[in-house]
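In what follows, a single structure is set out as structure tokens and then discussed.
Letters go in sequence order (proteins before strands), and every chain restarts at 1.
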Amino acid sequence: MSAKDNKDSSHIAFHQSVNFTFDGVKYKGFKGDTIASALIRNNIKIIGRSFKYHRPRGIYTCGIEEPNALVQILSEHNEPNTRATVKQIYEGLKIESQNRWPSLENDLSSVNNLLSPLFSAGFYNKTFMKPRGFWKKVYEPLIRKAAGLGKPPKPFKTKSTQLHHHVDIAIVGGGLSGLLAAKSLAKTKLKVLLIEQDSYLGGILKNSNKVSTIENKDNASWIKDIETEIEDSKNIKVLKNTLATTYNYINHLIAIEDLTTGTMPLEGHADQILHKIRADHIILANGHIERLISFRNNDLPGIMLAGSFEKYIQRYGVIPDISPVIFSNNSSSFSLIKKLIDLKCKPQAYVDSRSGDKIESSLLDIIHKENIPLFTNAHVEGCDGKKQVEEISIRDSEGIITKLKSKMLCISGGFNPDVHLFTQSKGVLTWDDQYLTFKPSKSFQNTIVIGSAGGLFQYSKLVNDIDSKLSFLNHEPIVNINFELNESDNYAIEKLWETKHEKKSRWSKSFIDLQNDVTTKDLRQGIREGFDRIEHLKRFTTNSMGTDQGKISSINALGIVSEILNKKVSEVGTTIYRPPYAPLSFASIAGRSTYNFYDPERKTSIHEWHKKNGAVFEDVGQWKRPWYFKSHLEENLDQAVQREAHQVRKYAGVLDGSTLGKIEIKGSDALEFMNLMYTNNFSKMKPMSARYALMLGEDGMIMDDGIISKINDSHFIATTTTGGAAKVLSHMEEFSQTEWPHLNVFMNSITEQFCTFNISGPNTRLIMEKVFEHIKFDNESFPFMTFNNFTYLDTTIRILRASFTGELGYEIYVRPSIALKLWENLFRFGEDEGLIAYGTETMHLLRAEKGYIIVGQDTDGSVTPQDMDLEWMIGKNKKDFIGKRSLTRSDTIRSDRKQLVGIKPIDQKNIIEEGQHIILSSNIKPPVKMLGHITSSYMSPNLGHSFGMAVIKDGKNLIGSRAYVSSSSKVAFEVEIMKPVFIDEKNKRLIS
Amino acid sequence: MLIINCPYCGPREQCEFTNGGEAHVARPSNPEKVSDKEWSEYVFFRSNPKGIYFERWVHSHGCKKWFNAVRDTSTDKVLKVYEIKDEKPSLADLENSNLTTPSGEPEVGSGNFTVRKT
């Protein structure tokens with residue numbers, strides 16, 4: 001029979017119709033409808049095809065626990081797997097069903113159903129193995145096409161924000177229990193947050209017909225009054241359309257709020273808020289979930305959970321079918337039957353697995369009064385029909401089958417307290433033998449569980465439950481509330497997980513997990529194959545691994561497994577419930593940290609000048625550094641670098657080195673501290689001089705390097721690599737605070753307090769003399785590796801004579817506020833002398849021509865100073881420094897360590913590439929012994945050929961000999977192993 | 001996400017801190033005199049018990065100070081926080097003085113099982 005509206009429901013705006021399309025066909029619903037309730041109104045039965053077998057599926061529930069009704073939203077981001085039972089419709093909403101081709105009615109892949117004996121449990125683990133070549137070319141492409149439930153979303157930029165809450169009490173669930181808890185906390189001094197997933201408060205009061213009156217009011221009025229009380233109390237904040245998904249340690253909740261309920265998401269507006277809630281106490285009032293019963297073809301469209309059927313009537317104002325058959329193993333159907341009668345409908349039959357003497361008298365009375373056909377001690381054996389329920393087979397205690405023609409079957413297998421959040425909080429559960437379910441037993445955090453979420457199903461005991469659990473707050477308890485119920489207050493259930501099949505057909509299936517198409521036969525097969533632990537059985541069968549996490553069936557599976565293994569259900573246990581409770585979008589987790597806000601972009605004071613002058617930038621950590629400068633639009637990287645590198649060695653060039661770390665170290669024990677941090681001996685250093693220094697880890701490996709400037713024994717400035725700045729400062733703080741707290745030393749980052757310009761080249765002195773008229777730059781006045789402070793434009797600058805290019809050069813440290821002005825002055829006076837700006841790529845090339853290492857390029861955390869030919873940097877007569885002892889470990893003194901060398905091709909036409917391996921012979925036949933690899937390589941305009949730096953086993957002893965490098969064209973070419981310096985070995989240019 | 005009670009700033013979220021590995025691992029005062037084995041144990045070896053663990057934290061997004069903590073690794077509960085210079089607390093000083101290390105699976109709080117062991 002067909003669906004009918006229930007205009008009594010106050011949550012649907014029957015005067016406001018909403019047009020939407022499903023699979024290209026237009027339908028009408030009402031404002032407040034979900035996709036599911038609107039489709040039910042339109043008598044749509046099939047909503048999708050199942051995952052593996054492509055069986056037709058219909059709407060099974062009325063909530064977030066839905067396994068079947070997953071649809072694709074075309075009018076938004078094309079998001080797949082949206083729950084039709086939760087998503088509210090809006091004008092113009094376009095929806096498509098999933099997992100079928102060419103259409104929902106006729107899905108070619110339903111051939112899988114015929115092949116289903118092949119697709120039994122564990123088939124993923126047993127198939128597609130041979131022949132080996134087939135995996136890449138045949139199996140994988142086919143599986144990729146067939147896999148998944150929907151189509152991927154379109155690329156989109158969604159916006160989501162995050163909010164933090166710090167409250168005394170958070171209540172999860174704005175249903176009956178949650179509202180009573182909030183009522184008791186109103187007008188206290190406690191800061192309370194109430195979270196409710198629906199658009200309306202009330203829970204079971206709005207979703208069912210179970211409570212007739214509460215405090216002598218009808219449900220809607222009582223809810224309205226409580227809501228007003230909560231609003232007036234001012235200490236309780238209510239979040240609706242907000243679902244708590246995660247309960248972390250320590251008392252930390254994640255909840256996701258949907259800002260677009262019933263509306264189209266607006267471009268440029270946030271559509272979700274991720275709430276991060278820290279609470280002193282968390283009250284879980286998140287209720288219970290109904291479970292199914294397994295029987296033959298229990299997945300046919302037209303089968304729905306009984307409580308969900310009731311929720312469609314009460315909450316969504318639609319009766320899915322005016323004469324359903326009801327099948328239950330418990331006492332809860334009374335309220336549904338009564339509601340149907342009140343609405344002038346009549347169930348076609350009531351089937352109860354319990355015997356007549358166990359059934360509540362109130363239930364038997366209404367059945368007899370209304371002449372509803374009654375089957376006691378009976379089971380639904382199975383359902384039959386072409387793509388939907390057409391006939392229901394009922395077997396009585398004698399084994400006699402009665403077949404009823406019907407299009408709707410409501411089933412109830414009992415109720416499970418929703419324990420997901422409770423177990424996420426690391427609390428433990430216990431099995432309840434009366435209600436045949438798991439309930440919270442011992443909590444680990446400040447967690448309070450009330451109402452049915454805690455396994456309490458009696459209304460008469462609810463207020464006492466809440467009062468006693470909140471008594472520690474020492475506030476006014478709630479005065480006892482009277483309920484008039486439409487059902488017995490003593491919920492009773494008899495065990496029934498699965499009914500026996502009559503038909504022995506291979507294709508008849510009794511499902512346990514609807515979303516992943518797992519049958520009860522799969523569970524039995526898995527156990528037979530040895531997977532008798534529940535965590536193994538879950539993975540082997542994929543039971544409860546879908547997006548619904550088996551909410552309506554996972555406990556049933558445990559019941560079935562316990563019977564097969566002849567163990568108690570508590571011995572079988574459950575699998576671990578993992579967050580999130582329901583799917584969370586990545587956008588909500590990312591919040592505002594997306595696109596431009598993903599990572600801070602750090603720029604130097606010269607950034608705009610770089611941009612205007614043709615810089616192409618690269619990311620070094622969070623910094624934007626000029627990689628190279630285009631002298632004209634068509635110039636590419638290679639051309640620019642050849643030009644820049646040639647120009648610097650011929651005339652002059654300046655690099656913006658502001659991004660390198662700078663640390664100031666001060667204190668009466670600064671010298672002793674610096675001697676411990678670096679390999680060098682700084683004791684004999686003259687004040688106002690500088691030295692290149694190495695920093696090692698305690699394992700003896702090079703960690704960072706830089707230039708140390710000594711102002712005096714109590715005052716140093718250290719530079720670091722760009723990427724290592726934060727790491728070096730943290731490393732210094734760690735040792736200062738934890739190892740040598742007796743040393744009087746302080747350190748501070750001054751990276752952003754100064755801009756650094758590295759100017760070098762033969763014409764540098766000329767340029768500097770023009771820019772800084774009053775400073776003497778000759779060799780006697782300004783020796784190599786010394787520095788001084790000078791006045792410039794009313795500020796103090798520091799100039800250090802040093803260079804990383806091997807040319808005569810200086811480093812200028814200047815305050816950011818006048819940095820650009822100084823930079824422009826350098827060019828004003830320098831342009832005529834051939835000064836150019838150069839980028840990081842050229843800088844890498846020029847230093848490599850001199851054999852200077854770059855930490856992180858030529859080192860990788862596994863090289864010592866000796867490996868890099870920098871033994872001279874280790875201070876003699878130093879008793880101790882970080883890493884010293886490790887330099888004499890058996891591993892660091894062995895002879896076949898990889899050592900730094902230079903590599904030059906014999907035939908100058910050959911190009912050396914980074915990462916190439918160095919081998920002894922050109923005969924590449926596996927296994928090939930690899931001596932080492934190229935760490936840096938460049939085409940040098942100054943040498944006229946390519947060259948590289950490499951680390952080779954026993955490299956120092958191989959200098960002068962020949963070897964081969966394997967190239968990407970698979971032809972090895974001959975190279976010479978040489979000292980790692982290619983230009984001006986005697987450093988004449990540097991100290992000129 | 002834990003809440004860690006920085007001895008200098010008070011309770012703060014875990015993401016403000018960086019874990020610094022095992023505490024009370026003394027750097028040999030005369031590195032030149034110790035054997036390779038002893039030195040390597042200082043550089044590379046750390047204990048990894050299931051139970052009471054003494055570790056270091058640094059408040060990297062706050063005061064940047066290092067301090068020590070005692071955490072039960074089987075449940076992640078931080079039992080005590082104390083300054084870097086303080087003595088290592090004895091187990092008896094801690095909140096639940098019948099704790100041992102290693103502790104085995106706790107009755108509740110590991111998150112490794114959902115059903116109460118009877």
Side-chain angles (χ1 to χ4, degrees), chain A residues 164 248-252 254 276 278 419 422-431 438 440-445 534-535 558 568-578 697-700 726 729-730 733-741 879-886 888-892, chain B residues 1-5 8 11-15 18 20-21 23-40 42-44 56-61 63-68 72 74-78 83-85 105-118:
Chain A
H164 292 256
N248 287 327
Y249 182 60
I250 298 174
N251 261 23
H252 191 233
I254 305 286
K276 294 181 174 176
R278 193 77 77 165
V419 297
F422 180 76
T423 55
Q424 285 178 28
S425 80
K426 304 206 270 182
V428 288
L429 308 171
T430 187
W431 179 253
F438 281 107
S441 168
K442 189 170 161 74
S443 55
F444 175 59
Q445 306 184 48
I534 197 68
E535 294 276 14
L558 303 177
K568 287 203 272 213
V569 186
S570 50
E571 273 175 67
V572 172
T574 77
T575 53
I576 304 290
Y577 295 91
R578 294 203 170 85
E698 280 283 42
D699 57 356
L729 181 56
S730 304
E733 281 288 353
E734 179 183 346
F735 276 88
S736 161
Q737 288 185 40
T738 67
E739 198 55 51
W740 302 302
K879 179 172 179 267
D880 188 19
F881 56 85
I882 293 174
K884 178 175 181 172
R885 177 63 183 83
S886 280
T888 50
R889 288 189 284 121
S890 56
D891 183 56
T892 46
Chain B
M1 199 206 329
L2 300 181
I3 292 189
I4 297 173
N5 203 351
Y8 308 98
R12 291 290 186 277
E13 310 224 309
Q14 182 188 338
C15 55
T18 307
H24 307 296
V25 179
R27 185 174 195 267
S29 45
N30 289 310
E32 72 278 10
K33 295 214 171 78
V34 302
S35 65
D36 266 5
K37 181 168 185 289
E38 254 185 271
W39 179 255
S40 298
Y42 156 68
V43 178
F44 299 114
R56 308 183 305 164
W57 288 89
V58 56
H59 197 181
S60 24
H61 298 289
C63 62
K64 293 206 155 93
K65 287 192 109 59
W66 285 79
F67 57 92
N68 290 325
D72 181 350
S74 67
T75 60
D76 260 353
K77 207 164 177 184
V78 175
E83 294 187 13
I84 271 285
K85 61 177 170 48
E105 191 67 19
E107 195 199 328
V108 67
S110 68
N112 290 334
F113 56 91
T114 56
V115 181
R116 191 164 187 173
K117 308 258 192 255
T118 38

Item to complete: Please flag which part of A:E739 lies under 4.5 Å from any non-hydrogen atom of chain B: side chain, backbone, both or neither.
Response: side chain
Worksheet item: Do you know which of B:G20, B:P31, B:P28 has the most heavy-atom pairs with chain A at a distance under 4.5 angstrom?
Response: B:P31
Fill in: Top contributor to chain B contacts, counting heavy-atom pairs under 4.5 Å, from A:I250, A:V419, A:N248, A:D891
A:I250
Worksheet item: Is it the backbone or the side chain of A:E734 that comes under 4.5 Å from a heavy atom of chain B, or both, or neither?
Response: both
Item to complete: Provide the closest heavy-atom pair for A:R885 versus B:S35 in the form atom of the first, atom of the second, distance.
Response: NH2-C, 3.3 Å
Discussion item. I'd like to know which of B:E32, B:K64, B:M1 tops the heavy-atom pair count under 4.5 Å against chain A.
Written reply: B:M1
Worksheet item: Going through the distances and angles, do A:F735 and A:W740 end up as a side chain to side chain contact (heavy atoms under 4.5 Å, CB included)?
Response: CA-CA 6 Å; A:F735 276 88; A:W740 302 302; 3.7 Å; yes
Worksheet item: Between A:G883 and A:E698, what is the shortest heavy-atom contact and its length?
Response: N-OE1, 3.1 Å
Response to the item:
Turns out that what part of B:F113 lies under 4.5 Å from chain A's heavy atoms comes down to both
Worksheet item: Checking heavy atoms, do the side chain of A:D699, its backbone, both or neither come under 4.5 Å from chain B?
Response: both
Item to complete: Heavy atoms only: give me the nearest B:T114-A:T575 pair and the separation to one decimal.
Response: CG2-O, 3.9 Å
Worksheet item: Between B:N68 and chain A, which part of the residue has a heavy atom less than 4.5 Å away: side chain, backbone, both or neither?
Response: neither
Fill in: Nearest non-hydrogen partners of B:I3 and B:P11, listed with the distance
CG2-CB, 3.7 Å
Item to complete: Measure distances from B:K65 to the heavy atoms of chain A and classify the residue's part below 4.5 Å as side chain, backbone, both or neither.
Response: both
Discussion item. Pairing donors with acceptors under 3.5 angstrom, does anything connect the side chains of B:R116 and A:T430?
Written reply: no
Discussion item. Could you check whether B:S110 and B:S74, counting side-chain N and O atoms only, form a donor-acceptor pair closer than 3.5 Å?
Written reply: no
Practice prompt. Return the option, out of A:T423, A:T888, A:T574, A:N251, with the maximum number of heavy-atom pairs under 4.5 Å with chain B.
Written response: A:T574
Fill in: Under 4.5 Å from any heavy atom of chain A - which part of B:V43
side chain
Fill in: Contacting moiety of A:F881, where chain B heavy atoms sit under 4.5 Å
backbone
Item to complete: Select, from B:N30, B:T18, B:T75, the one with the greatest count of heavy-atom pairs under 4.5 Å involving chain A.
Response: B:T75
Worksheet, complete the sentence: Interface check, chain B: of A:Q424, A:E571, A:E535, A:R278, most non-hydrogen pairs under 4.5 Å belong to A:R278
Fill in: Pair A:S425-A:Q445, side-chain donor/acceptor within less than 3.5 Å
no
Item to complete: Answer with side chain, backbone, both or neither: which region of A:S890 has an atom nearer than 4.5 Å to a non-hydrogen atom of chain B?
Response: both
Worksheet, complete the sentence: Those residues at least two apart in sequence (or on a different chain) that pass ring-ring contact (aromatic ring centres under 6.0 Å, His included) with A:Y249 are A:F444
Item to complete: Identify, with sequence neighbours excluded, every residue that meets ring-ring contact (aromatic ring centres under 6.0 Å, His included) alongside B:W39.
Response: B:Y42
Discussion item. So for B:L2, is it side chain, backbone, both, or neither that comes closer than 4.5 Å to the heavy atoms of chain A?
Written reply: both
